[in-house]
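Single-structure report; data block below.
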2 protein chains.
Amino acid sequence: MNFDPKTIIQRLQDADPQARGFVTVQERVYRELRTALVRGQLAPGRPVTLRGLAEMLNVSPMPVRDAVRRLIAERALMKLSNRRVAVPTMSPETFDEICRARLALEPEAATRALPGIDDRRLALLIELDKRCGGAMESGNVEHYMQTNQEFHFTLYTSVPQQVYMSMIESLWLQFGPFMRTVVGRWGTSRLIDQHQKAIEAIQSRNRRVLKEAIKTDILHGMRIIGEQVLNPHIAPDRNHHE
Amino acid sequence: MNFDPKTIIQRLQDADPQARGFVTVQERVYRELRTALVRGQLAPGRPVTLRGLAEMLNVSPMPVRDAVRRLIAERALMKLSNRRVAVPTMSPETFDEICRARLALEPEAATRALPGIDDRRLALLIELDKRCGGAMESGNVEHYMQTNQEFHFTLYTSVPQQVYMSMIESLWLQFGPFMRTVVGRWGTSRLIDQHQKAIEAIQSRNRRVLKEAIKTDILHGMRIIGEQVLNPHIAPDRNHHE
DNA sequence: TCCGGTATAATGTGATCACAAAATGAACTT
DNA sequence: AAGTTCATTTTGTGATCACATTATACCGGA
């Protein structure tokens, strides 16, 4: 055992990676870009430059390069004709694909996670649903989107399933930039809280009902985004750089 | 102007992008690593170093770094505890996840592709099936695996669907390294050619039958790999580096 | 005013270097 | 002889530079 002061501190930091912030710079950059994308802070079609992002985030271009490449691999950013990188634009076909992929993966992921949901996790889900419902009532779209994501991801990760989660995260990243188009055109009245149904299914350990609840929840949520994204007279102007 | 011999060679290669086959070095490295992984030329658990790969492929560590990061994002390589990179090992849980994910995505991808299959594509599929059948009869596992992949990917890409394809490619990359464990323990007798059934379904434009054919084809194919991978007394020793 | 060509600037890619962390192996202690 | 400590080597990460390619701005001629 090494009792170097430095080593001890290192050990403490390793014990709680969150406390240190992030392990590497590129990881920090990756997460910052990621959240910026999900929150719609980067407009679709907008060109992205390594040096520009580096300056914006006060880091050297190198970690940005790594983070951007990773996001490209996850389809959260797209490479244009030659070399240039941009925030992806959405087409009706792609949106349809994402919806179908979510429907194919997430209900399955939910039922797979069912055995891993203990009382503590269930309480957390109920809490998140309550917050999500509050956001719906108050019409706070951004808050709704965030708590909705937390609800889904908390549910799916009740059991470790890395293969599913990496694909699902990629899908959420892909439609993330378009959630902000929903702001201001928000009909809460049409939204029926499917989370409640999901929670009841969890409590009664009913896989079939859980699957159905997640399925309809996805359909409802995506319809809100899809209506905005896919109507040409509403959608924001797309800068087709290719 | 730099007259390093290495730089000059690089310049000559850059002069004719077509001859080199790929636009960038990292793309070439990426594909080489990718095929090496799929063909099981890199043993699971084996540690992978940037400088080592760079020397092996006669390139600088830089493009290797990019390619490796991309493969990590696609779950074709894994990052160990601290920094180090390795070929992933397979656990029964992960294998189960991959199977289920394939079953969730690929039958759907097939039926989505159905309207895009014209006569030319159908002829190609029939040709690939014939080759695949030949490989089965002759017991050539590697050839079977390759033509089987070509058949599936040709089918799915009959219609452009990038979202699905990137996820499916990632899945194939993940179980690719374990296909070679099948060699030598190959019971062709149990394999019934589901491709034939799929082709008939395509000809009659029957989505339900096509879905079912792909589903059973996946189940059969994965069972062959799974039996080898998941039986501890048969599976190769795993170097759990973490 | 509009178009086409040229010069300038900006960008991604690849190479090389510096450095801290980790792995490896040798020497040493018990 | 087995475990521990220390020195050396190796590795990933980040920074900086060179360069070819692409984009942008400018300008002259119709």
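Proteins come first, then strands; the chains are lettered A, B, ... in the order of their sequence lines, and each starts at number 1.
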*Under-4.0 Å side-chain N/O to phosphate OP1/OP2 contact, B/Thr24 with C/dT13*: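 No, B/Thr24 has no side-chain N/O under 4.0 Å of OP1/OP2 on C/dT13.
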*Output yes when at least one side-chain N/O atom of A/Lys79 is less than 4.0 Å from OP1 or OP2 of C/dT11, else no.*
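Answer no for this pair, as no side-chain N or O of A/Lys79 is under 4.0 Å from OP1 or OP2.
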*asked:* Taking side chain to side chain contact (heavy atoms under 4.5 Å, CB included) as the definition, give me every residue that meets it alongside B/Leu57, ordered by chain and number, with sequence neighbours left out.
replied: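 Only B/Val29, B/Glu32, B/Val59 meet the side chain to side chain contact (heavy atoms under 4.5 Å, CB included) criterion with B/Leu57.
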*Would you mind classifying the nucleic acid contact of A/Val64 as base, sugar-phosphate or nothing, using non-hydrogen atoms under 4.0 angstrom?*
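The answer is nothing, as A/Val64 stays clear of every strand by at least 4.0 Å.
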*How is B/Val48 classified with respect to the nucleic acid when contacts are heavy atoms under 4.0 Å: base, sugar-phosphate, or nothing?*
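Here B/Val48 touches the backbone only, sparing every base.
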Expressed as a whole number of angstroms, how long is the span from [X]:[atom1] to [N]:[atom2]?
X: B/Met62; N: D/dG14; atom1: CE; atom2: C1'; answer: 9 Å
X: A/Arg83; N: D/dT24; atom1: CZ; atom2: P; answer: 15 Å
X: B/Leu50; N: C/dG14; atom1: CG; atom2: C1'; answer: 14 Å
X: B/Arg65; N: D/dG14; atom1: CZ; atom2: P; answer: 7 Å
X: B/Arg84; N: C/dA20; atom1: CZ; atom2: C1'; answer: 13 Å
X: B/Arg51; N: C/dC17; atom1: CZ; atom2: C1'; answer: 10 Å
X: A/Glu55; N: C/dA10; atom1: CD; atom2: C1'; answer: 13 Å
X: A/Leu77; N: C/dG12; atom1: CG; atom2: C1'; answer: 15 Å

_Ring-plane angle category for A/Tyr156 and A/His152, please: parallel below 30°, perpendicular beyond 60°, tilted otherwise._
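Ring orientation of A/Tyr156 relative to A/His152: perpendicular.
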*For residues 148-168 of chain A, which residue pairs qualify under salt bridge (charged side-chain N to carboxylate O under 4.0 Å, His left out), counting only residues two or more places apart or in two chains?*
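Listed once each, the pairs would be none.
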*Looking only at side-chain atoms of B/Pro63, point me to the closest of D/dT11, C/dT16, C/dG14.*
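The listed nucleotide nearest to B/Pro63's side chain is C/dG14.
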*Side-chain donor-acceptor pair under 3.5 Å between A/Gln162 and A/Ser166, yes or no?*
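The criterion, which ignores hydrogens and geometry beyond distance, is not satisfied for A/Ser166 and A/Gln162.
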